[in-house]
Amino acid sequence: MHTFKENSASGSAVVKTLQASSQAVIRLVISDKNWLETSAVDQLKKTAELPGMRCVVGMPDLHPGKGQPIGAAFITHGHIYPHLVGSDIGCGMGLWKLNVSKRQVKLDKWEKRLVDLDDPWKEGDRDKWLMDAGVVTKDNALKSENLKLGTIGGGNHFAEIQQVNEIFDPVVLSGLGLDKHAVVFLAHSGSRGLGQKILRRYVDVHGGQSLISKADVNGAHSNGQRVISQYLQQQDYAIRWAVANRDLIAERFCQRLRVKKSALLDVSHNSVTALDRASLEALGLKHTDTERYWIHRKGASPTDQGLVMIPGSRGSLSYLVRPRISDIQSLAAGGFSLAHGAGRKWKRSECRGRLQGRYRVRDLEVTEMGSRVICQQRDLLYQEAPQAYKNISTVIDDLIQAGMMDVIASFKPIITYKTRRK
DNA sequence: ATGTTC
């Protein structure tokens, strides 16, 4: 059991400082009523020991990952760690408004129309789609990944048709053109094999080591500046590729459903970016010209990109939220990041054993909310069952209590698409 | 998370 010291500076009982001394501050935006695995905290502490690390913050959806935890923000000075961003560079949430109302959705008919969406997009030119989106590269090895553009992928990725459930801020919601009858499309996907290829290039050479941005560093990392700008350039390409990917996923679904879409937001939760001066000041850090401060987000949404969609598990509500930019001190205490979802509670490997005695495949294909889940992979269906995830309302509550955001509206799933591949 | 593979 851990004992936490309250962070009196932030004035919040949710934000807890685990470690304030030594080189890096460790904080958790996690209340006592939230589920938290010890191994995730151990992983967080381990990353705090990396050279150049200044601040690590666990989000309310923090859970263990492969070496480093998922649902966290990592602030470094002078160092970039590609492996902290992970292989799915640019993974995130895209949200669109559909030009239909909830009563126009015919469940059976729509479900039947959602076919041939796992294979590469053949109805159009993938390279042209990227070109039109301004996503171009001369790197032929990266171009070869374009085959998968417009596909969702596996794991926790999904596409979901949702309806408005509850409205908390009618003014902001109507500003988006949404009312209580609105239907939206949410895509959670990333850069597929592209991000993995980019990460591999750096891990093969540097392992878990950082790329050092220090301009005048000597010795082994004297080419650090060049390596770091290469990584950032490739990362930027992967992020923009992932945005175009989510847009094509939405386009393919809309063509099947014979509806029109209009974009509402697209926010990535896996990336590394430089911290701006105002953020540094809020953290009490000094701005320097020779070395930058970097924020790595792994399963954490940024608070400086406007509205954010935080989905629950499949079969629970998703929340459209607005970061409280007027309270920069609370945002700083929370690592300028929000949760990216509910967060796993159980390991993938243990879900089937825990659930298959109580739930049959048919029980999981229709959720307690009455929504449909299209997932023809039995193991994945169990791995992604709502029971395998934390309670999203606790995650949302923790972020509100931390003073970091306000909820605009909640959304209820109608159809979740995972895969038709057996 | 992904692509490849026993």
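These values consider heavy atoms only, across backbone and side chains, with no hydrogens, waters or symmetry-generated copies. None of the values given here were measured: they were computed from a predicted structure. Letters A, B, ... mirror the listed sequences (proteins, then strands); counts begin at 1.
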**Student:** Quick test: give all pairs of protein nitrogen or oxygen and nucleotides 3-6 of chain B nitrogen or oxygen below 3.5 Å, distance rounded to 0.1 Å.
**Tutor:**
| from | atom 1 | to | atom 2 | distance (Å) |
| --- | --- | --- | --- | --- |
| B:dG3 | OP1 | A:G193 | N | 3.3 |
| B:dG3 | OP2 | A:K148 | NZ | 3.3 |

**Student:** Does A:R352 have more than 12 heavy atoms from other residues, nucleotides or ligands lying within 6.0 Å of its CZ?
**Tutor:** yes

**Student:** Would you kindly say whether A:N165 and A:Y319 are connected by a side-chain donor-acceptor distance under 3.5 Å?
**Tutor:** no

**Student:** Are A:D108 and A:K112 ion-paired here, with the side-chain N under 4.0 Å from a carboxylate O?
**Tutor:** no

**Student:** Between atom CG in A:N245 and atom P in B:dT2, what is the gap in whole Å?
**Tutor:** 10 Å

**Student:** Could you tell me how far apart A:Q383 (CD) and B:dT2 (C1') are, to the nearest whole angstrom?
**Tutor:** 14 Å

**Student:** Report yes if some heavy atom in the side chain of A:L117 is under 4.5 Å from a heavy atom in the side chain of A:I152; otherwise report no.
**Tutor:** no

**Student:** For the residue pair A:R314 and A:T367, confirm or rule out a side-chain donor-acceptor distance under 3.5 Å.
**Tutor:** no

**Student:** Look at A:D139 together with A:R201 and state whether they make a salt bridge at an N to O cut-off of under 4.0 Å.
**Tutor:** yes

**Student:** For DNA chain B, which residues of residues 83-94 of chain A approach it to below 4.0 angstrom with any heavy atom?
**Tutor:** A:S87, A:D88

**Student:** Can you tell whether the side chains of A:D119 and A:R421 come within less than 4.0 Å, N to carboxylate O?
**Tutor:** yes

**Student:** Select base, sugar-phosphate, or nothing to describe what A:R200 touches, counting heavy atoms under 4.0 Å on all strands.
**Tutor:** nothing

**Student:** Identify the two heavy atoms, one from A:S316 and one from A:I392, that lie closest to each other, and give their separation to 0.1 Å.
**Tutor:** OG-CG2, 4.1 Å

